[in-house]
Amino acid sequence: MLNFVLGNEIASYVRRHRGLVVCALILTAISTLFVVIPAYLLQPFIDEGMKSGSDPVSWKVPWIAFDSGSWLSWHRTERVLVENISPIRLLIILMTVAFVSVLCKSITIYLSGLSAAAFSNRAVRSMRTDLFRKFVSLPLGFYHKKKSGELIARATADLTVMQSSISNVLIGIIEHPLTIAIFLIYLFVMNFKLTLLIFIVGPLIIGMMRLFGRKVKKHATRIQDATADVTSAYQETILCLKVVYGFFRGDYEVKEFRGLADELYRRVMRWNRWDLGIGPIMDVTGFLVLPVLLIVGKVYFHHTLGELVSMIYAFSRVYTPLRKLARVNNRLKTLQGATERVFEIMNTTPDILDHPNAGILPNHKKFIEFKGVNFGYSPEDPVLKDISFRVKAGEMVAFVGSTGAGKSTLLDLIPRFYDVTRGSITIDGFDIREVTLESLRRQIGIVNQNTILFHDTITNNIRYGDPEKSTEEILAAAKVANANDFIMAQPKGYETLIGDQGTMLSGGQRQRLSIARAILVNPSILMLDEAASALDAESERLVQAAIEKLQGGPTILIVAHRLSTIMKADHIHVLEQGRIVESGNLQDLLSLNGRFRQLYDMQYGNGEDD
């Protein structure tokens, strides 16, 4: 049933809490049974309890009796529950029964609601965790094709829709049909011919529910798409706030955002037209049935006032859950739209996975080798072409060249942020695609040009790669990275909060923290991608000194535009248009008078740094 109602994806999460689901559904069913009791109380309350005088009265309820010899032949009768009592006493009994039924109904509804909230929120909690796990397992290439704001919207707005809808839909699918069935049985027992008239409008109501449901689902999906655009605008503007301020484009951004907000408003209103429209239409349809019920019941079947009132009450109790069921259908369509968006990500298969027979990469001690490596973010646009070289363990090797030559991309291939499209990369003879990602990446420390830090203390940022490291080890890593002095100058030293992305620190300070973080994991391979390109001379000197301290330990791979950071490199490769065009040490490359010499002369001229 869960698969049929909620779909396979959500059902697999809800089923983990089947005890709570069963509890909620049973309590819902029990509470529904108490709803029919007032219908049995109205007729005796009006026809018997309201009589004047002290003549004895009875409490009779409609019943059915089967004719002897056949289960298909039956007739309506009455069963006496209480007889020969005064009207006042009957009223007291009826009110007592009504109070007990309302009390029991309230308790079961409360407990049912708690159970439903529990299984719904637990299911969404698991989905939210699995979605986050999926986010951190998908390759970087996936994020190049998606807006981060859209992904955030799916992880927040869509999951919020699911959180509010799962229990409402599942409980509603049980509660409302059961309520309808119970009161229809009561109406059939009271007068099955009159009840059949109600079904005249049945096909019309079902048709409207299907039409409105389809429209609600379509517009709900469009709302989620528009919400993702709004979320993306928020996120992008906040990240680029300095640029917005610098170019005085605040009014422009507000104008663009207003357009997105207006589009979201229009889509929400279209959804509301269909979501709210089903109610009034069903109200009109239901009102047309009431005069028929009253006139036919009185003229042709000679029902008493109490019987007519109880039947009208029962009919209203059929109509009300039917109307709610139409809204549940709309909620189900909205839920389906959100589910499709969330599970589009959940069902994405990562391109970068461990090989089924992947082994553990031993600690790097020999060499790293590229053999005929080709790579492109898309097949028609190659970035690296026929790259081959070998790096001995403990060497410092640098990659230089024009912007867009493929230097940073080359480094990204080593930890398998992307996989080569042709050729191979081996570490100590092991193809990196045939070892586990964990054993590979645990040996690599990375320092990027755009330093990525967390809104946390300096200590927690440095030991992010290994939370078990001691204070002494953190201090030692900071000293090697020339970061200890400025850290101790902070208000709370190593326990200072550094703000979102480390905004409370300078660029050089952030970069040295990043180096300390990479050093702390004791990497066999250290990759520095433009580690000093955006720094002032003093910060560059300190970063360069930190790199020199590490030389002779881990294998160091450096991408650099500033040649001052690679003067002591053991080997330098020059890349242009995705190919290695020159290789050698500093003096060899200068003597070639080729591309490296051009880069060198542009920075140093006649031997002086310009």
Side-chain angles (χ1 to χ4, degrees), residues 1-41 96-133 155-156 158-186 209 213 314 317-340 342-343 346:
M1 186 191 78
L2 290 177
N3 287 5
F4 177 75
V5 175
L6 300 176
N8 295 334
E9 293 92 350
I10 299 180
S12 64
Y13 284 91
V14 174
R15 197 175 290 112
R16 299 175 190 177
H17 313 289
R18 57 172 56 89
L20 287 169
V21 175
V22 171
C23 180
L25 296 182
I26 290 176
L27 288 169
T28 297
I30 292 173
S31 69
T32 304
L33 295 177
F34 290 109
V35 176
V36 77
I37 292 178
Y40 283 93
L41 302 179
T96 302
V97 172
F99 173 77
V100 172
S101 67
V102 170
L103 178 63
C104 294
K105 175 175 173 289
S106 300
I107 293 173
T108 51
I109 286 178
Y110 172 73
L111 296 176
S112 171
L114 282 181
S115 301
F119 77 69
S120 178
N121 282 279
R122 290 184 185 185
V124 172
R125 178 187 62 185
S126 299
M127 276 186 273
R128 186 172 281 119
T129 303
D130 287 350
L131 181 59
F132 189 84
R133 184 179 291 111
T156 52
D158 288 348
L159 281 175
T160 300
V161 168
M162 296 169 72
Q163 185 171 347
S164 63
S165 300
I166 290 174
S167 59
N168 290 338
V169 167
L170 197 55
I171 295 300
I173 289 292
I174 297 299
E175 177 185 4
H176 303 319
L178 187 57
T179 302
I180 293 170
I182 290 173
F183 280 101
L184 280 177
I185 291 172
Y186 174 80
M209 288 174 62
R317 297 301 297 178
V318 169
Y319 164 74
T320 300
L322 189 62
R323 189 174 185 271
K324 290 181 178 178
L325 195 58
R327 296 297 298 273
V328 168
N329 182 59
N330 289 350
R331 292 290 173 270
L332 178 59
K333 298 304 179 182
T334 302
L335 174 62
Q336 289 172 350
T339 302
E340 289 173 3
V342 170
F343 280 89
M346 298 273 273

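The analysis underlying the following values was restricted to heavy atoms, covering all of them including side chains, and did not include hydrogens, waters or symmetry mates. Note that this is a predicted model, so its numbers are computed, not measured.
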Gap between atom [atom2] of [Y] and atom [atom1] of [X] - 0.5 Å precision:
X      : Y      : atom1 : atom2 : value
Ile173 : Leu25  : CD1   : CG    : 11.0 Å
Gln336 : Phe343 : CD    : CZ    : 13.0 Å
Leu33  : Leu178 : CG    : CG    : 6.0 Å
Met346 : Arg133 : CE    : CZ    : 9.0 Å
Leu131 : Thr156 : CG    : OG1   : 10.0 Å

I want to check something: taking the side chain as every heavy atom from C-beta on, are [X] and [Y] in contact at a cut-off of under 4.5 Å?
X      : Y      : result
Ile10  : Leu335 : yes
Ile166 : Met127 : yes
Val35  : Ile182 : no
Ser165 : Val161 : yes

Checklist entry - Thr28: what forms a side chain to side chain donor-acceptor pair (under 3.5 Å) with it, not counting sequence neighbours? => result Ser112
Next on the checklist: Once side chain to side chain donor-acceptor pair (under 3.5 Å) is applied, do any residues pair with Glu340, and if so which ones, sequence neighbours excluded?
Outcome noted: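 Listed in chain order: Lys217.
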Checklist entry - Under the salt bridge (Lys or Arg N to Asp or Glu O under 4.0 Å) test, which residues partner Arg331, sequence neighbours left out? => result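 With neighbours one apart ignored, the set is Asp275.
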Checklist entry - Just by distance, do the side chain of Thr108 and the backbone of Lys105 share a donor-acceptor pair under 3.5 Å? => result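 Side chain of Thr108 to backbone of Lys105: a pair is present.
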Only pairs under 3.5 Å count here: list side-chain donor-acceptor contacts from residues 114-121, not counting sequence neighbours, and write none if there are none.
residue: Ser115; atom: OG; partner: Leu111; partner atom: O; Å: 3.0
residue: Ser120; atom: OG; partner: Gln163; partner atom: O; Å: 3.0
residue: Asn121; atom: OD1; partner: Gln163; partner atom: NE2; Å: 2.3
residue: Asn121; atom: ND2; partner: Ala117; partner atom: O; Å: 2.6

Checklist entry - Of the non-hydrogen atoms in Ala11 and Leu6, which two are nearest, and what is the gap between them? => result N-CB, 4.4 Å
Checklist entry - At their closest point, which heavy atom of Ser101 faces which heavy atom of Ile37, and how far apart are they? => result CB-CD1, 3.6 Å
Checklist entry - Going through the checks in order, is the side chain to side chain contact (heavy atoms under 4.5 Å, CB included) test met by Leu20 and Arg122? => result CA-CA 10 Å; Leu20 287 169; Arg122 290 184 185 185; 3.5 Å; yes
Name all residues meeting the side chain to side chain contact (heavy atoms under 4.5 Å, CB included) criterion together with [X]; count only those two or more places apart in sequence or in a different chain, and write none if there are none.
X      : value
Val102 : Ser106
Ser164 : none
Ile26  : Val22, Ile30

Item to check | Any pair counted as side-chain hydrogen bond (donor to acceptor under 3.5 Å, both in side chains), so long as it reaches residues 167-182, sequence neighbours left out | outcome: none
Checklist entry - Does anything in residues 11-21 pair up under side-chain hydrogen bond (donor to acceptor under 3.5 Å, both in side chains), and if so which pairs, sequence neighbours excluded? => result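 Sorted pair list: Asn3-Arg15, Tyr13-Asp130.
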